[in-house]
Amino acid sequence: MNERALDAAVDLELHQAVRAAALQRGIELPSGDEEDLTLALDSFARVELLEAVEEAFGVRVRPRDATAESFGSVAKIAAFVRAARARARGPAGGA
Amino acid sequence: VNVLIPSTLGRGVRIAGVGGHLPARVVTNDDVIASGAPLTKEEIAKLTGILERRHVAPGEATTDLALAAARRALAGANKGPGDVDRLVLATGSPDYLVPSAACVLHQKLGLSRAPAYDLTAACSGFVYALDAAARAVLTGDRCVLAVAADVRSRFIDPTDRATAALFGDGAGAAVVVPAAPGEGILGLCIGADGSGHKSVHMPAGGSVEPASEATVRGRRHYLKMADGPQVYLSAVEGMIETAEALLSHMGLGFSDLALVVPHQANKRLLERMTRLAGLDPARVFIDVERTGNMSGASSAFALYDALSSAALTAGDRVLLIAAGAGYTAGAALLVVDEELLSAARSATTARTGVEA
């Protein structure tokens, strides 16, 4: 599997994990991974979602991470989680 | 951020008395729902942790609450109106747009010719007022009254899911006087980030959009919180960053504190702040369940509430922290003394809302 395909597989897995974390807190996400969450969820549900993501993936969401651009869809949240995990692993990469 | 450490100037500033006041009318979560809030009781409890708040009665205004709190603080400090060199009133809900609420309070308190002015820093208002008061004392004033009072209930849309259940009305006050270096207020830190100025705001009624039939019809005179998650995260980060900036400046950490008295934004937000800062929950003062978020008055009332009811002893370090619209943030580190504790404990009628 080439690197791009691997990234896509990881993303897909993350999308599912984001949905599972949301579901565990009773948040119903729209079916499309690119759908705008700011239209689908009210502010209380979005707070619940960001804390669900923090808990599920062991990351901290800061104000700059929670904008519509970076946290506005399931796909964007998955990308945020992937980047946050990469940062946590450090510049050398690693397992 | 701007840090003030009075002892580095060879001087000291202390709080000689505190006061607080809540209006008598209790508004339960059932009342909020009955007024049109599209929320359930369970949602309000889970999302905010607030069980009740107080709202003013018809005819009651911000300076009425400020007056009761200020009188208690002055009595605790053994000061009278003639002793006050300056009055600073932090409010985002003044009696009138013009003149200042401080001038209305000046008259109600019967002050002499002491200067009086309003200061607006939203939920950080009381810490900003303490900073102004401390600086005034450091440059010669002998007695400054720092008050924070808000009547948010008059500016909240009862049908707005984001804000309807959050806010209460109330006031708190502190009398700030000179002291020996190392006593009382050990340090203050305030800061702002104007990039957040539309996060929590009232669109109409100012010079951008003066009040008109259309603005009222459009409900634009109410407080809006368009992006709740941003406000939630920014408030937590603002409180932690400001507290850490002040403590690290002083070579201290959270473990050196007997008590943290935060702006009572809502219970959920305070729990996040406690968790992320690594604080011991038993050392974080929370009274928001029965007051709601009273904007700038919250930390002022909570300080009064904590000093009069928490298990504190002389020499304990207490950190006041706040963050709010603007964005603004502030922190104040106090070391409590016996006189302040007995002054605070001498005035305990605020809980009933009955005038002393």
Side-chain angles (χ1 to χ4, degrees), chain A residues 14-15 17-19 21-30 33-85 87-88, chain B residues 37-50 157 159-166 193 195-200 223-242 265-278 323-327 329:
Chain A
L14 275 177
H15 292 183
V18 168
R19 290 183 176 282
L23 199 61
Q24 212 165 26
R25 296 233 188 171
I27 307 162
E28 286 182 34
L29 298 179
D33 285 345
E34 308 288 342
E35 274 186 68
D36 187 348
L37 295 178
T38 60
L39 299 176
L41 303 175
D42 75 5
S43 62
F44 290 124
R46 282 186 285 135
V47 166
E48 193 76 45
L49 176 62
L50 71 88
E51 291 196 334
V53 168
E54 285 185 323
E55 191 179 286
F57 301 103
V59 295
R60 178 164 168 183
V61 181
R62 293 181 186 269
R64 63 173 177 274
D65 304 320
T67 61
E69 292 73 38
S70 52
F71 222 79
S73 70
V74 170
K76 286 172 181 170
I77 294 172
F80 160 74
V81 170
R82 186 145 67 93
R85 282 173 152 184
R87 277 197 302 275
Chain B
L39 288 155
T40 65
K41 245 174 112 168
E42 292 70 28
E43 280 180 314
I44 298 173
K46 182 180 163 211
L47 301 169
T48 71
I50 297 165
D157 183 346
T159 66
D160 180 0
R161 189 171 150 86
T163 58
L166 274 180
D193 171 10
S195 70
H197 75 272
K198 284 195 173 168
S199 303
V200 181
L223 193 78
K224 310 281 182 193
M225 190 154 59
D227 192 346
Q230 275 296 317
V231 174
Y232 178 77
L233 294 174
S234 298
V236 171
E237 301 288 336
M239 283 202 261
I240 294 175
E241 282 172 13
T242 313
N266 67 66
K267 200 170 177 191
R268 182 174 187 148
L269 189 150
L270 295 179
E271 285 169 351
R272 177 179 178 84
M273 189 273 294
T274 301
R275 191 172 68 245
L276 293 182
Y327 295 112

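Every chain is numbered from 1 and lettered A, B, ... according to where its sequence line falls, protein lines coming before strand lines. Side chains are part of it too, since the values below use all heavy atoms of this structure and drop only hydrogens, waters and symmetry mates.
Contact check for A:Phe44 versus B:Arg161: side-chain heavy atoms found under the 4.5 Å cut-off.
For A:Thr67, the parts lying near chain B are the backbone and the side chain together; criterion is any non-hydrogen pair under 4.5 Å. At a 4.5 Å heavy-atom cutoff, B:Leu269 makes no contact with chain A through either its backbone or its side chain. Only the side chain of A:Asp42 comes within contact range of chain B, with at least one heavy atom under 4.5 Å from a heavy atom of that chain.
The heavy-atom pair separating A:Pro63 from B:Glu237 by the smallest distance is CD-CG, 3.4 Å.
Atom CD of A:Gln24 has 12 or fewer neighbouring heavy atoms from other residues, nucleotides or ligands inside a 6.0 Å radius.
Among residues 46-61 of chain A, the residues having any heavy atom closer than 4.5 Å to a heavy atom of chain B are, in sequence order, A:Arg46, A:Val47, A:Glu48, A:Leu50, A:Glu51, A:Glu54, A:Arg60, A:Val61.
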